[in-house]
Amino acid sequence: MSQVLTLDCLKVGRSAKVIQINNTGSIRRRLLDLGLIPGTIIKAELANPFQDPIAYQIRNALIAIRKEDSRNILVEEL
Amino acid sequence: MKKKIALAGNPNVGKSTIFNALTGMHQHTGNWPGKTVSQAIGEFQYRGIEYELIDLPGTYSLISHSEEETVTRNFLCFEEYDAVIVVCDGLCLERNLNLVLQILEITPNVVVCINLLDEARKKKVTIHLDLLEKKLGVPVVGTEARKKKGIDCLLEKLHLLESEHKKTTKVRYPRKVEEKVIELEAILKKKEITDLPLRWLALRLIEKDIVLEKEIINHWKISLSEDPDINKVLETDNDIEKDIFASAIMQKAEQLTMEVVSYQNPDYEKRSRKIDKILTSKRTGIPLMLLMLMFIFWLTITGANYPSQLLFDFFSYIEGYLVHFLEFISCPSWLNSLLVGGIYKTLSWVVSVMLPPMAIFFPLFTLLEDLGVLPRIAFNLDKGFQKCRACGKQALCMMMGFGCNAAGVIGTRIIDSKRERLIAILTNNFVPCNGRFPTIIVMISMFLVAANSSGMASISQVLWLTFIILLGIGMTFLISFLLSKTLLKGLPSSFTLELPPYRKPQFFKVIVRSIFDKTLHVLSRAVIVTIPAGTLIWLLANISIGNMSILAHINNFLDPFGQLIGVDGVILTAFLLGFPANEIVLPIMLMSYLSLGTITDYASISELKTLLIDHGWTVLTAINMILLCLFHFPCSTTCLTIKKETGSIKWMLYSILIPTLCGIILCFFTTLIYKLIV
Ligand SMILES: Nc1nc2c(ncn2[C@@H]2O[C@H](COP(=O)(O)OP(=O)(O)OP(=O)(O)O)[C@@H](O)[C@H]2O)c(=O)[nH]1
Ligand SMILES: [Mg+2]
């Protein structure tokens, strides 16, 4: 049933559970600090006029992440 | 002795608002993460004890990434302080408690302040503060900083902090980590190097926090990771995943939040989301931003007209009396001419022409900032910056530049990457600050739009102004792109941008504060800069070498070059003399024309146009004046700020050179085209 995809492919309006974060460097730690850890439920909330970045609902905050970075996050669509 | 208290917390949770409530100061606040980028210090008294309060920049964690976050981390690690107030957003408790737990690892002297309770209430989120206090083991206070609610309670808990016996909650890490921590603690204890909790230091060593390691070498002149004993512990089965530190704390925060928060209305962000959908959608996002910009310009232009004329009339009315008075006290005529013709006139122009648009534009801009629109604009523009290989947060600094370029340059501290930060600094000057705005408006209304007071005229003024601002923004993109390809080669780095909820602006307060601050600022600057500048112009115009005044000499010297780029020597002189403050460029220019020409007085602003035409102005001159105003070296304050922020004269020189060259090249081409057409 559930489908694993990279976060940048998650359609706006859909929710997903984080499985794995493959980003490296300081962005990895920043994502963790924002509460994006494996198991977190997040929702693609808002796309900008050019569809990149996309803002995600992460632990009650709205955080914009560029596709460049969300490509490295593996999620399971709910 | 004064007690030293620090204010820490996530970005945009109201730290500066609490700082203001406690100290009665007026630190800038704004509804976007990254408003405060350097620490501010204030004082207050409570029950006979004096406190010193330090407002720190917001940070998501103590593992620092950017300049402003480093300020906070270094403060908490290496400075002396008596307590920390950790401010939290009640609506985002998980992420905020994450920071609280991290700070509790460094110091037990913490008061947790759950702010924004009014918003929580409105959105039907209940936080059980007593329970949280019990769980954390440190005092917890609920506040609504804007209305100053809960501040007394905060003070009382701060006051009682020491006498309480604290047993604070601790995050437990996996066994493998805990075992190493115990070993390392023992080694560190023997070394006696620090008051920092050894557990925390041990954890950071296991985590291999390189930035902290550098700071430690800086502060204590020793390298811990190169110590053989420590190294031995770190090297033995070092298959510990780095993420477990962040995850363990986050999970603890999550668990705490589940226990103390209850949501009665899970859909509470609905309205905010609806507005967001419209402001960022494919079809309406960009047009709405433009309309908003134009609306602000329209209010500024139409609103400033009348007060400008009023001030102008007022000043010329006073001038008559001033002249009589000076004659009455038999002031020598040269002094009379210096005081009235030199200083008074320049001053009155700065105030009457420059001040009204500034006093209208700035509050409007601040209202948008308070509402929370700025991060949305950055969100919408990000793709462009991405294409230019720059950081999306540069848009925020650019918008700060509309107020003041120096502030915009300091604001670039929110950008993590050094390369991207330099790009943002070097291009900040491409948006006109508040002090350049009025010059552009005056030029547009005099030469580009047929003068009549109909609604159409003001609309086309707005269109022109918008076009010019877009030109500046376009140039920002272009130069950022070119810099990324040449001087500052590199790929865009990663970043995240938080979009805060919309908040109702505090209309009254914003308007009062920004008019008050702005007016005072401009007036004082006008007095400080205009008096010497006005005197200088007067002297240059009245001291002769040969049969010409010095001003005429300078003018003649610069004129050939000026003509080449479609302006004249006077305009160039005005820009050069306006280096201390952009506000005085236009007044200085007018002064010079007056002293060079035969006509010496004007009854209204619109008549100034005659003066300019008398000196050979055409539409081209006005266009080039606008272009130069938009693209020339930053003012002295901005230059100094750039030097300070980049720590190098080289980058300051680039920041002078790049826009100036842009301006000269553009003017050269407009002149060429104009000559071909006309
Ligand atoms: N409704 C409401 N708004 C608040 C409250 N406290 C602060 N604000 C608003 O929240 C926004 C952020 O406040 P600041 O004081 O600038 O936040 P900060 O924590 O200093 O932010 P940074 O300096 O960016 O880290 C501002 O628009 C404030 O007016 C509150 O108790 N209730
Ligand atoms: Mg602040």
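Residue numbers begin at 1 in each chain, while the letters A, B, ... track the order of the sequences.
Chosen from B:P492, B:P33, B:P501, B:S281, the residue pairing most often with chain A at heavy-atom distances under 4.5 Å is B:S281. Chain A forms the most heavy-atom pairs under 4.5 Å with one residue out of B:Q251, B:R95, B:R273, and that residue is B:R273. Chain A forms more heavy-atom pairs under 4.5 Å with one residue of B:D243, B:I286, B:L99 than with any other, namely B:D243.
If you take CD on B:Q386 and CZ on A:F50, they are separated by 11.5 Å, rounding to the nearest 0.5 Å. Separating the CG atom in B:L93 from the CG atom in A:N60 is a distance of 9.5 Å, to the nearest 0.5 Å. In this structure, CG on A:L62 lies 8.0 Å from CD on B:E498, to the nearest 0.5 angstrom. Going from atom CG of A:N48 over to atom CG of B:L279 covers 12.5 Å, rounded to the nearest 0.5 Å.
Not counting sequence neighbours, the partners of A:V18 by the side-chain contact (heavy atoms from CB on, under 4.5 Å) test are A:I21, A:L36, A:T40, A:I42, A:I73, A:V75.
A salt bridge links B:D416 to A:R30: one of the charged nitrogens lies within less than 4.0 Å of a carboxylate oxygen.
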If you look only at distance, which donor and acceptor atoms sit under 3.5 Å apart when one is on a side chain in residues 389-399 of chain B and the other is two or more places apart or in another chain?
from   : atom 1 : to     : atom 2 : distance (Å)
B:K393 : NZ     : B:I414 : O      : 3.3
B:Q394 : NE2    : B:T427 : OG1    : 3.0
B:Q394 : NE2    : B:S480 : OG     : 3.4

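Taking 4.5 Å as the heavy-atom cut-off, none of the residues of residues 5-12 of chain A approach chain B.
Note on residues 55-67 of chain A: pairs passing salt bridge (Lys or Arg N to Asp or Glu O under 4.0 Å), not counting sequence neighbours, are A:R59-B:E94, A:R59-B:E254, A:R66-B:D382.
Contact of A:A47 with chain B is made through the backbone alone, with heavy-atom distances under 4.5 Å.
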